[in-house]
Amino acid sequence: MPPAPPAVDIGRALEARPDLHQAKQAVEQARANVLLQQANAKPDVEVLGGYKRTVGFNTFMWGLQVPLPFFNKNQGNIATAQSDVSAAEAHVRAMEVQIKGEVEMAMRDVEARRQRLASLVEGALARAQESLTIARAAYREGGTDLLRLLESERINIELEIMNARMRMEYRQSLVTLETALGGSR
(Lines give C-alpha, C1' and ligand atoms only; values in the text may rest on other atoms or scores of the structure.)
Protein backbone atom coordinates (compact mmCIF):
# COMPACT_ATOMS: atom_id res chain seq x y z
CA MET A 1 0.00 0.00 0.00
CA PRO A 2 1.44 3.41 -0.94
CA PRO A 3 2.04 5.92 1.84
CA ALA A 4 -0.85 8.12 2.82
CA PRO A 5 -0.82 11.71 1.57
CA PRO A 6 0.06 14.46 4.04
CA ALA A 7 -2.66 16.03 6.14
CA VAL A 8 -4.11 19.09 4.45
CA ASP A 9 -4.93 22.34 6.22
CA ILE A 10 -6.47 24.87 3.85
CA GLY A 11 -5.81 27.75 6.25
CA ARG A 12 -2.10 26.98 6.35
CA ALA A 13 -2.09 26.53 2.59
CA LEU A 14 -3.56 29.99 2.15
CA GLU A 15 -0.93 31.44 4.50
CA ALA A 16 1.92 29.68 2.70
CA ARG A 17 1.12 30.77 -0.85
CA PRO A 18 3.41 33.62 -1.94
CA ASP A 19 1.08 34.68 -4.76
CA LEU A 20 -1.71 35.27 -2.23
CA HIS A 21 0.68 37.30 -0.05
CA GLN A 22 1.48 39.45 -3.06
CA ALA A 23 -2.22 40.02 -3.76
CA LYS A 24 -2.83 40.99 -0.13
CA GLN A 25 0.04 43.47 -0.34
CA ALA A 26 -1.62 44.97 -3.42
CA VAL A 27 -4.78 45.50 -1.32
CA GLU A 28 -2.78 47.29 1.36
CA GLN A 29 -1.10 49.43 -1.28
CA ALA A 30 -4.47 50.37 -2.77
CA ARG A 31 -5.79 51.30 0.69
CA ALA A 32 -2.74 53.49 1.27
CA ASN A 33 -3.44 55.18 -2.07
CA VAL A 34 -7.00 55.98 -0.91
CA LEU A 35 -5.57 57.67 2.20
CA LEU A 36 -3.13 59.63 0.04
CA GLN A 37 -5.87 60.79 -2.32
CA GLN A 38 -8.05 61.82 0.63
CA ALA A 39 -5.14 63.80 2.04
CA ASN A 40 -4.66 65.46 -1.35
CA ALA A 41 -8.31 66.57 -1.26
CA LYS A 42 -7.57 69.10 1.48
CA PRO A 43 -6.34 72.41 0.06
CA ASP A 44 -2.85 73.54 0.99
CA VAL A 45 -3.40 76.97 2.48
CA GLU A 46 -0.17 78.87 2.92
CA VAL A 47 0.54 81.90 5.03
CA LEU A 48 3.25 84.13 3.66
CA GLY A 49 5.18 86.87 5.38
CA GLY A 50 8.32 88.83 4.86
CA TYR A 51 10.33 92.01 5.02
CA LYS A 52 11.44 94.11 2.07
CA ARG A 53 13.59 97.24 1.85
CA THR A 54 13.45 99.20 -1.37
CA VAL A 55 15.07 102.63 -1.95
CA GLY A 56 14.99 103.56 1.72
CA PHE A 57 11.48 102.27 2.38
CA ASN A 58 10.98 99.37 4.78
CA THR A 59 8.03 97.22 3.97
CA PHE A 60 6.46 94.29 5.77
CA MET A 61 4.36 91.91 3.70
CA TRP A 62 2.04 89.12 4.59
CA GLY A 63 -0.47 87.13 2.67
CA LEU A 64 -2.61 84.05 2.39
CA GLN A 65 -2.32 81.70 -0.57
CA VAL A 66 -5.15 79.27 -1.46
CA PRO A 67 -4.93 77.11 -4.59
CA LEU A 68 -7.65 77.42 -7.22
CA PRO A 69 -10.22 76.02 -7.75
CA PHE A 70 -11.49 76.34 -4.19
CA PHE A 71 -13.83 73.38 -4.30
CA ASN A 72 -11.54 70.76 -5.83
CA LYS A 73 -12.02 67.85 -3.46
CA ASN A 74 -10.05 65.32 -5.56
CA GLN A 75 -13.19 63.19 -5.91
CA GLY A 76 -12.10 61.56 -9.15
CA ASN A 77 -8.80 60.27 -7.78
CA ILE A 78 -10.45 59.16 -4.54
CA ALA A 79 -13.09 57.21 -6.45
CA THR A 80 -10.43 55.62 -8.64
CA ALA A 81 -8.39 54.63 -5.59
CA GLN A 82 -11.47 53.14 -3.89
CA SER A 83 -12.31 51.13 -6.99
CA ASP A 84 -8.70 49.89 -7.03
CA VAL A 85 -9.20 48.67 -3.44
CA SER A 86 -12.39 46.86 -4.43
CA ALA A 87 -10.68 45.26 -7.42
CA ALA A 88 -7.69 44.16 -5.33
CA GLU A 89 -9.97 42.66 -2.66
CA ALA A 90 -11.96 40.82 -5.32
CA HIS A 91 -8.69 39.50 -6.75
CA VAL A 92 -7.68 38.19 -3.30
CA ARG A 93 -11.04 36.44 -2.87
CA ALA A 94 -10.74 34.91 -6.35
CA MET A 95 -7.22 33.69 -5.58
CA GLU A 96 -8.40 32.12 -2.33
CA VAL A 97 -11.12 30.24 -4.18
CA GLN A 98 -8.63 29.19 -6.85
CA ILE A 99 -6.13 27.96 -4.25
CA LYS A 100 -8.82 25.98 -2.43
CA GLY A 101 -9.83 24.43 -5.75
CA GLU A 102 -6.23 23.56 -6.60
CA VAL A 103 -5.72 21.91 -3.22
CA GLU A 104 -8.96 19.96 -3.47
CA MET A 105 -8.19 18.78 -7.01
CA ALA A 106 -4.68 17.76 -5.99
CA MET A 107 -6.06 15.86 -2.99
CA ARG A 108 -8.56 14.01 -5.17
CA ASP A 109 -5.84 13.18 -7.69
CA VAL A 110 -3.55 11.83 -4.96
CA GLU A 111 -6.29 9.70 -3.46
CA ALA A 112 -7.40 8.33 -6.83
CA ARG A 113 -3.84 7.40 -7.79
CA ARG A 114 -3.30 5.89 -4.36
CA GLN A 115 -6.40 3.71 -4.74
CA ARG A 116 -5.36 2.54 -8.22
CA LEU A 117 -1.86 1.75 -7.04
CA ALA A 118 -3.15 -0.16 -4.04
CA SER A 119 -5.53 -2.21 -6.18
CA LEU A 120 -2.71 -3.02 -8.62
CA VAL A 121 -0.30 -4.07 -5.89
CA GLU A 122 -2.89 -6.09 -3.97
CA GLY A 123 -4.57 -7.61 -6.99
CA ALA A 124 -2.94 -8.08 -10.35
CA LEU A 125 0.69 -7.86 -9.28
CA ALA A 126 0.32 -10.50 -6.57
CA ARG A 127 -1.57 -12.83 -8.94
CA ALA A 128 1.05 -12.33 -11.67
CA GLN A 129 3.85 -13.22 -9.25
CA GLU A 130 1.96 -16.32 -8.17
CA SER A 131 1.26 -17.28 -11.78
CA LEU A 132 4.92 -16.82 -12.69
CA THR A 133 6.01 -19.02 -9.78
CA ILE A 134 3.58 -21.73 -10.89
CA ALA A 135 4.71 -21.44 -14.53
CA ARG A 136 8.38 -21.74 -13.53
CA ALA A 137 7.67 -24.80 -11.40
CA ALA A 138 5.58 -26.38 -14.17
CA TYR A 139 8.33 -25.72 -16.73
CA ARG A 140 10.97 -27.29 -14.48
CA GLU A 141 8.80 -30.37 -14.06
CA GLY A 142 8.20 -30.50 -17.80
CA GLY A 143 4.46 -29.87 -17.47
CA THR A 144 4.42 -26.86 -19.82
CA ASP A 145 6.37 -25.49 -22.73
CA LEU A 146 8.76 -22.54 -22.89
CA LEU A 147 6.21 -20.32 -24.65
CA ARG A 148 3.83 -20.36 -21.68
CA LEU A 149 6.69 -19.58 -19.28
CA LEU A 150 7.80 -16.64 -21.44
CA GLU A 151 4.21 -15.37 -21.60
CA SER A 152 4.02 -15.41 -17.78
CA GLU A 153 7.37 -13.59 -17.61
CA ARG A 154 6.14 -10.95 -20.10
CA ILE A 155 2.94 -10.34 -18.16
CA ASN A 156 4.87 -10.06 -14.90
CA ILE A 157 7.36 -7.60 -16.43
CA GLU A 158 4.56 -5.48 -17.91
CA LEU A 159 2.83 -5.32 -14.54
CA GLU A 160 6.11 -4.35 -12.84
CA ILE A 161 6.55 -1.55 -15.38
CA MET A 162 2.96 -0.45 -14.80
CA ASN A 163 3.59 -0.53 -11.04
CA ALA A 164 6.70 1.65 -11.42
CA ARG A 165 4.85 4.09 -13.69
CA MET A 166 1.90 4.32 -11.31
CA ARG A 167 4.25 4.91 -8.35
CA MET A 168 5.95 7.70 -10.30
CA GLU A 169 2.57 9.28 -11.14
CA TYR A 170 1.52 8.98 -7.50
CA ARG A 171 4.68 10.77 -6.40
CA GLN A 172 4.09 13.45 -9.04
CA SER A 173 0.58 13.99 -7.70
CA LEU A 174 2.06 14.31 -4.19
CA VAL A 175 4.41 17.00 -5.49
CA THR A 176 1.46 18.77 -7.13
CA LEU A 177 -0.41 18.67 -3.82
CA GLU A 178 2.65 19.99 -2.01
CA THR A 179 2.91 22.85 -4.51
CA ALA A 180 -0.78 23.66 -4.11
CA LEU A 181 -0.23 23.78 -0.35
CA GLY A 182 2.42 26.43 -0.77
CA GLY A 183 5.69 24.63 -1.38
CA SER A 184 7.83 22.25 0.60
CA ARG A 185 7.26 21.74 4.27
Side-chain angles (χ1 to χ4, degrees), residues 1-42 73-133 135 150-185:
M1 184 78 163
V8 174
D9 182 11
I10 298 290
R12 290 177 68 193
L14 292 174
E15 291 174 10
R17 291 288 293 257
D19 49 349
L20 188 60
H21 282 289
Q22 184 179 12
K24 287 180 180 179
Q25 287 175 349
V27 170
E28 293 304 316
Q29 184 179 5
R31 287 182 181 150
N33 188 28
V34 168
L35 295 176
L36 174 66
Q37 296 306 324
Q38 288 171 343
N40 287 339
K42 298 177 179 100
K73 301 292 184 190
N74 205 22
Q75 293 100 350
N77 290 336
I78 292 172
T80 301
Q82 288 172 339
S83 68
D84 289 345
V85 169
S86 298
E89 288 172 343
H91 181 66
V92 167
R93 286 191 301 272
M95 286 189 71
E96 287 173 348
V97 169
Q98 177 185 356
I99 290 169
K100 288 176 184 177
E102 287 176 5
V103 169
E104 189 171 322
M105 294 264 299
M107 285 174 31
R108 286 182 185 168
D109 185 46
V110 166
E111 191 55 37
R113 290 182 190 276
R114 184 172 181 261
Q115 295 292 334
R116 282 190 296 229
L117 188 58
S119 68
L120 175 73
V121 170
E122 292 172 1
L125 201 56
R127 286 191 303 272
Q129 286 287 347
E130 184 179 330
S131 174
L132 180 61
T133 304
L150 292 176
E151 181 66 18
S152 293
E153 289 279 354
R154 183 190 63 78
I155 290 171
N156 190 45
I157 290 171
E158 285 178 358
L159 285 173
E160 287 292 336
I161 291 171
M162 184 184 299
N163 181 32
R165 184 176 297 128
M166 289 177 78
R167 285 188 182 278
M168 178 196 63
E169 290 171 353
Y170 175 70
R171 288 193 177 110
Q172 285 176 337
S173 65
L174 285 174
V175 169
T176 302
L177 175 61
E178 198 67 35
T179 303
L181 290 174
S184 61
R185 293 180 183 235

Atom CD of residue position Glu160 - does it have more than 12 heavy atoms of other residues, nucleotides or ligands inside 6.0 Å? yes
CD/Gln29: more than 12 non-hydrogen atoms of other groups inside 6.0 Å: no
So Gln82 and Gln38, do their side chains get closer than 4.5 Å, heavy atoms only? yes
Closest approach of Ala23 and Met95, non-hydrogen atoms and distance? CB-SD, 3.6 Å
Met166 backbone acceptor or donor facing Arg113 side chain under 3.5 Å: no
Could you tell me whether Arg114 and Glu111 make a salt bridge, using a distance below 4.0 angstrom between a side-chain N and a carboxylate O? yes
Side chains of Ile161 and Arg165 in contact at under 4.5 Å (non-hydrogen atoms): yes
Tell me, with the steps shown, if Arg167 and Leu117 meet side-chain contact (heavy atoms from CB on, under 4.5 Å). CA-CA 7 Å; Arg167 285 188 182 278; Leu117 188 58; 3.7 Å; yes
Tell me the closest heavy-atom pair linking Lys100 and Ile10, and the distance in Å. CG-CG2, 3.7 Å
Just how far is it from atom CG of Asp19 to atom CD1 of Ile99, taken to the nearest 0.5 Å? 5.0 Å
Only residue of Leu177, Val175, Val8 satisfying side chain to side chain contact (heavy atoms under 4.5 Å, CB included) with Val110 is Leu177
Rounded to the nearest 0.5 Å, what separation is found between the OG atom of Ser173 and the CE atom of Met168? 10.5 Å
Give, for atom CG of Asn156 and atom CG of Leu132, the distance between the pair rounded to the nearest 0.5 Å. 5.0 Å
Less than 4.0 angstrom from a charged side-chain N to a carboxylate O is my criterion; do Lys24 and Glu28 meet it? no
Starting at CD of Glu102, measure out to CG of Leu181 and round the result to the nearest 0.5 Å. 10.0 Å
From the list Glu96, His91, Gln25, Gln98, side chain to side chain contact (heavy atoms under 4.5 Å, CB included) partner of Leu20 resolves to Glu96
Taking every heavy atom of Ile78 against every heavy atom of Ala41, the minimum-distance pair comes out as CD1-CB, 4.0 Å
Are Val85 and Glu89 close enough, and set up right, to give a side-chain contact (heavy atoms from CB on, under 4.5 Å), and what steps lead you there? CA-CA 6 Å; Val85 169; Glu89 288 172 343; 3.7 Å; yes
NZ/NE/NH1/NH2 to OD/OE distance under 4.0 Å, Glu151 and Arg154: yes
Please find the pair of heavy atoms, one from Ala180 and one from Ala13, that lie closest to each other, and give the distance. O-CB, 4.4 Å
Heavy atoms of Ala81 and Asn33 approach each other most closely as CB-ND2, 3.8 Å
So Arg31 and Val27, do their side chains get closer than 4.5 Å, heavy atoms only? yes
Test your reading of the model: is there a side-chain donor-acceptor pair from Asn74 to the backbone of Gln37, 3.5 Å cut-off? yes
